[in-house]
Amino acid sequence: MQTDQKNTNVWTSWNENVRHTYNTHHAVKTEEEIIAAVKNAPKTIRVYGSKQSSADIAAGTDTLINIADYNQILHVDEERMQMTVQSGITLKVLINAMQDRGWSIPCLPDIDTVTLGGALATGTHGTGRDGKLLSEYVIGLRLILADGTVRAVQEGEELMDAVRVSLGMLGVMSEITLQCEPVYTLHLKEKPMRDADWLANYEQMLFENDFTRILWMPHTDHGYVILGNKIDPNTPVVEKKGPDYLKHRRLVSRKLYAYTTRFPRFTTIANKIIQRLFFSSKKEYKGTLYDATVTKSRSGTLELAEWTIALSRFPALFKDLKAAMDDSNNPAFVHIPMDIRFVREDNSWLSYAYGEDCVTIGCVTRDAKNADNYAAFKIVEEIFLKHGGRPHWGKRFDAKNEELRKLYPRWEDFKELRYELDPEGKFLNSYLTELFDVRKNRQARSSRTSRPEGLAV
Ligand SMILES: Cc1cc2nc3c(=O)[nH]c(=O)nc-3n(C[C@H](O)[C@H](O)[C@H](O)COP(=O)(O)OP(=O)(O)OC[C@H]3O[C@@H](n4cnc5c(N)ncnc54)[C@H](O)[C@@H]3O)c2cc1C
């Protein structure tokens with residue numbers, strides 16, 4: 001383990017919007033090193049992966065653990081299609097190793113540079129008719145608790161429902177076992193659709209296709225619909241990838257949007273240009289979910305927000321969202337596309353999909369350094385909160401305990417469990433303390449002091 005101890009060290013997130021000083025830094029390669037770092041941390045400690053979260057959840061403590069070199073594949077159970085890995089493995093290495101065996105995780109996010117631990121902790125997800133959060137494929141893990149002891153958690157235990165999405169607040173996930181599924185080939189078709197048309201048909205599209213993703217483009221009255229269905233890999237598909245210049249979309253967008261911080265109204269023109277240039281042609285191709293749908297490189301950084309809403313409440317929410325985003329008197333000049341995806345309900349306490357199938361909607365600025373002045377983040381948040389939407393833990397939002405406790409039925413149970421496992425708040429930074437209103441929770445503990453029923457820790 002490499003350990004640095006300096007007072008001048010600064011931790012910086014991927015897009016440089018979050019910075020913190022720290023005293024001690026451990027770059028770990030073994031579980032023993034994680035245990036030692038946690039056990040011996042004199043004050044607070046957090047673990048980080050690829051630093052690609054926009055929310056201030058990965059540092060801000062006296063001691064830091066970098067998990068990125070803790071990245072080996074430990075065990076493969078060929079018969080059960082299960083793989084046990086160290087939590088710092090990137091999705092790129094993980095999914096390629098699965099594909100080499102003819103396996104995959106059937107719901108993947110649009111990024112492969114993140115670590116498995118980071119992705120699970122924040123509830124990272126993909127899209128699809130049967131799409132689930134990545135954390136739903138975890139069947140076992142080892143959790144390093146605040147006192148340095150290790151708790152093995154298995155599928156079927158209620159503790160697993162608390163740990164799957166837990167922002168590193170219950171402990172550090174070390175070894176993780178994933179249940180894989182056979183890899184499959186998708187036949188994908190993309191095309192622009194008027195808002196009225198995809199809105200009238202999205203539920204049917206979701207039902208009839210294995211993969212559904214809608215890139216929505218405010219100020220253009222269009223979405224760009226991507227549908228995919230499983231095929232035999234040998235099925236011939238005449239590929240139409242569109243003009244070669246399409247690969248420059250992100251670069252061109254960044255250049256156009258560079259003016260929109262000073263001239264927000266220019267966004268409406270930029271959006272129309274980007275839609276015409278990059279989202280007006282039809283495409284057709286085939287590939288595995290990973291090869292064909294996950295972005296492998298980006299030309300720069302972003303700042304992201306993402307909100308989710310129950311599928312049943314999506315029409316009402318979207319009506320308000322479209323009215324606000326398309327209104328040229330509204331300061332919410334949003335960069336396109338807004339990514340609309342679909343996730344199946346689950347039981348994880350802090351999952352966006354807890355108890356209900358949901359729709360996720362992304363909100364991006366390509367001018368990350370000016371994200372504080374990007375009005376769309378605030379306005380999108382107001383609309384989602386009004387409709388009972390839940391924010392993505394790894395992305396930007398302002399809501400705190402007061403709003404969030406109404407949205408998550410197991411919120412107080414999670415807080416109680418966190419207190420039980422980490423009474424000294426070793427895994428807390430100031431953002432998480434405020435997010436979960438931890439101090440108040442401690443003072444008010446007399447009203448709720450017992451462990452959630454049936455939960456053995
Ligand atoms: C360009 C881009 C595209 C994205 N696309 C998607 C997408 O398609 N779908 C989606 O849902 N999200 C998406 N995200 C969000 C991203 O998946 C999450 O922010 C993820 O947490 C980043 O992983 P990381 O390795 O960078 O984690 P970090 O940002 O380093 O850490 C995130 C959190 O995980 C905790 N953590 C890390 N490792 C462990 C561990 N071993 N045990 C316990 N806690 C741990 C950290 O303490 C922190 O709280 C995207 C982000 C970007 C920048």
Side-chain angles (χ1 to χ4, degrees), residues 11-15 17-18 28 31 34 37-38 44-61 64-68 70-71 85-92 94 107-127 131-135 138 141-146 153 163-176 213 250 293-308 339-341 343 350-353 358 360-362 364-366 368 391-396 427-429 431-432 435:
W11 181 94
T12 310
S13 65
W14 171 67
N15 67 12
N17 278 350
V18 185
V28 298
E31 186 181 74
I34 304 174
V38 171
T44 52
I45 182 165
R46 286 205 63 77
V47 56
Y48 69 89
S50 301
K51 310 197 282 185
Q52 290 194 282
S53 298
S54 292
D56 185 4
I57 54 177
T61 45
L64 292 177
I65 297 178
N66 178 356
I67 205 89
Y70 180 69
N71 56 18
V85 297
Q86 294 176 332
S87 61
I89 195 167
T90 59
L91 295 191
K92 179 179 180 171
L94 178 69
C107 189
L108 294 173
D110 190 19
I111 184 165
D112 67 353
T113 50
V114 298
T115 60
L116 178 63
L120 300 178
T122 56
T124 292
H125 64 89
T127 185
K132 293 186 248 168
L133 264 54
L134 214 57
S135 55
V138 174
L141 58 84
R142 286 168 63 82
L143 191 67
I144 318 295
L145 303 177
V153 190
V163 173
R164 269 195 214 98
V165 182
S166 53
L167 293 151
M169 292 173 75
L170 303 182
V172 179
M173 292 180 270
S174 60
E175 297 177 6
I176 297 166
R213 180 176 186 180
R250 289 185 171 87
T293 73
V294 176
T295 301
K296 311 296 185 308
S297 73
R298 289 187 157 83
S299 61
T301 61
L302 313 159
E303 179 81 340
L304 298 160
E306 185 173 49
W307 285 82
T308 66
D339 197 349
I340 302 181
R341 294 179 283 177
V343 181
L350 295 190
S351 162
Y352 331 110
C358 72
T360 71
I361 304 187
V364 60
T365 171
R366 293 189 188 276
H392 188 303
W393 299 118
K395 304 190 182 181
R396 179 182 271 246
F427 291 126
L428 292 173
N429 66 8
Y431 174 87
L432 291 166
L435 186 66

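These figures come from a predicted structure and were not determined experimentally. Counting starts at 1 for both ligands and their atoms, in listed order.
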**OP:** Could you find the nearest protein heavy atom to atom 22 (C) of ligand 1 and give me its residue, atom name and distance?
**Re:** Val114 CG1, 3.4 Å

Measure [X] to ligand 1 on non-hydrogen atoms and call it side chain, backbone, both or neither using the 4.0 Å cut-off.
X	value
Leu304	side chain
Ser50	both
Arg341	side chain
Asp110	both
Pro109	both
His125	both

**OP:** Look at ligand 1 and say whether Ser166 reaches it with a heavy atom at a distance under 4.0 Å.
**Re:**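 No; Ser166 lies far enough from ligand 1 that no heavy-atom distance drops under 4.0 Å.
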
Original post:
Looking at ligand 1, does Trp14 have a heavy atom less than 4.0 Å from it?
Top reply: yes

Subject >> Thr365 side chain vs Ala368 backbone, donor-acceptor pair below 3.5 Å >> reply: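 No, the answer is negative, given that no donor and acceptor are paired below the 3.5 Å cut-off.
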
**OP:** Could you list which atoms of ligand 1 come closer than 4.0 Å to a heavy atom of Ser87?
**Re:** 41 (N)

Subject >> Per-atom contacts, ligand 1 versus Leu302 - under 4.0 Å to a heavy atom >> reply: 1 (C)

Original post:
Among side-chain atoms of Thr113 and Gln52, is any donor-acceptor pair under 3.5 angstrom?
Top reply: yes

As a check for students: among [options], identify the option with a heavy atom nearest to [atom].
atom	options	answer
atom 15 (C) of ligand 1	Met169, Gln52, Arg298, Lys395	Lys395
atom 47 (O) of ligand 1	Ile67, Ile34, Asp56, Val47	Val47
atom 40 (C) of ligand 1	Met173, Glu303, Glu175, Gln86	Met173
atom 5 (N) of ligand 1	Ile111, Asn15, Thr301, Thr90	Ile111

Subject >> Sub-3.5 Å N/O-N/O distance, Gly171 and ligand 1 >> reply: no

Original post:
So is there a nitrogen or oxygen of Thr124 less than 3.5 Å from a nitrogen or oxygen in ligand 1?
Top reply: yes

Original post:
Between Ile67 and Ile34, is any pair of side-chain heavy atoms under 4.5 Å apart?
Top reply: yes

